[in-house]
Amino acid sequence: MISPSPRRAPGEQAPRAPRTFWTDARFFIGLALITVSVAGVWWVVAAARQTTPVLAASSTIVPGQAVTAADLAVVDVALGSAVDGYLAPHELEEGVVANRTIAEGELVPSAAVSSAESSAVTTVVVRSAVDVPGAVEPGTPVELWSAPLLDGGVYDDPRVLVADAVVGAVAREDTVMGASGASIELVVGRDDVAAVLAAVASGAALSAVPQAAP
C-alpha cells in the first residue's frame, strides 16, 4: 500500500534536495586555483635550482691584460635572467683583453672584456724610487708621482703624473738590508703613455702611491 504524501501548509515550499559538491561550480573554481598555485610554486622552485655555466677569474685580472681560458674557471651559478650579462664559456674569443680589474673569483661580466684593438689602456714598466708597500699588488689602483730631475742632480717637487693607474705586476728586489726598490708594471691610459715614457727617459724619480679609499 502506497503511503499518501504528507500535506503542506498553504504557502509552504517543498524542501530542496541537497546539491552534491561535484555539481557546484565553486568547487571546480577552487580546485583550479589550487592547481595553478601549486604549479606556480613548482615553477619558481625549479627556476631557482636551474644553473648555467659562466666564467670566473682564477686570479686577479688587470685592465689591458689578455684574457685566456688559462685565466678563468667555469662555475655553475643560478642567476636567472641576469645570466645574460656574464661571459659564458662558448663566448670567450681569442685576442680579448680586460677593460677593468676583475678580482679573483669574480664572475666575468661580458662588458668587462673587449678586443685588444679597442682597448683604451696599455702597460708601461717603471722603476720605483722608493720602497713599494707590501699592500701594493696586481689590481691595486695607484697614482704615479714624478719628481723631475733638474740641473745639478737635484729633483724638483713631486707631482702627480698619472692620477688613475692600476698595478699589473710588481718585481721587488730584496737585499740583505731589505727591499731596495722595485720595477712596477702599470696599466695606464694610452693618452698617458707619452708623458710616462718622457719622465722615464729624463731620469725623473717615479713613485706609485696607493689611491686613498673612497
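Computed from a prediction, not measured in an experiment: that's the story for all the values here.
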Cluster check V132, V126: I/L/V/M/F/W/Y, side chain < 4.5 angstrom
yes
Sorted by chain and residue number, the side-chain hydrogen bond (donor to acceptor under 3.5 Å, both in side chains) partners of E106 (sequence neighbours excluded) come out as R100
Would you say T123 and L186 make side-chain contact, with heavy atoms under 4.5 Å?
no
d(T101 OG1, Q65 CD) to nearest 0.5 Å is 9.5 Å
I'd like a table of donor-acceptor pairs (distance under 3.5 Å, sequence neighbours excluded) in which one partner is a side-chain atom from residues 149-170, with atom names and distances.
{"from": "D156", "atom 1": "OD2", "to": "R159", "atom 2": "NH2", "distance (Å)": "2.7"}
{"from": "D164", "atom 1": "OD1", "to": "Q211", "atom 2": "NE2", "distance (Å)": "3.3"}

Residue pairs passing the salt bridge (charged side-chain N to carboxylate O under 4.0 Å, His left out) test where at least one lies in residues 72-95, sequence neighbours excluded
none
Between N99 (side chain) and A111 (backbone), is there a donor-acceptor pair under 3.5 Å?
yes
Contacts of V75 meeting side-chain contact (heavy atoms from CB on, under 4.5 Å) (sequence neighbours excluded), chain-then-number -> V54, A56, V77, L107
Each residue besides V67 in its hydrophobic cluster should be listed here, by chain and number; the cluster joins Ile, Leu, Val, Met, Phe, Trp and Tyr at side-chain heavy-atom distances under 4.5 Å.
L55, I61, L72, V74, L87, L92, V96, I102, V108, V113
Can you list the residues that meet the side-chain hydrogen bond (donor to acceptor under 3.5 Å, both in side chains) rule with S115, with sequence neighbours excluded?
S118
Return a table of donor-acceptor pairs under 3.5 angstrom between the side chains of residues 135-145 and protein atoms on other chains or two or more places apart.
{"from": "T140", "atom 1": "OG1", "to": "E137", "atom 2": "N", "distance (Å)": "3.0"}
{"from": "T140", "atom 1": "OG1", "to": "E137", "atom 2": "O", "distance (Å)": "2.8"}
{"from": "E143", "atom 1": "OE1", "to": "W145", "atom 2": "NE1", "distance (Å)": "3.1"}

Honestly curious: do V193 and V200 fall in one hydrophobic cluster under the side-chain, below-4.5 Å linking rule?
yes
Using the test side-chain contact (heavy atoms from CB on, under 4.5 Å), find all partners of A129 that sit at least two apart in sequence or belong to another chain.
A205, S207
Test side-chain contact (heavy atoms from CB on, under 4.5 Å) applied to T68 - qualifying residues, sequence neighbours left out
A70, D71
Tell me the salt bridge (charged side-chain N to carboxylate O under 4.0 Å, His left out) pairs involving residues 188-198, sequence neighbours left out?
none
So, for S146 and P148, which heavy atoms are closest and what is the spacing to 0.1 Å?
O-CD, 3.5 Å
Applying side-chain contact (heavy atoms from CB on, under 4.5 Å), name anything that partners V125, two or more places apart in sequence or on another chain.
S183, E185
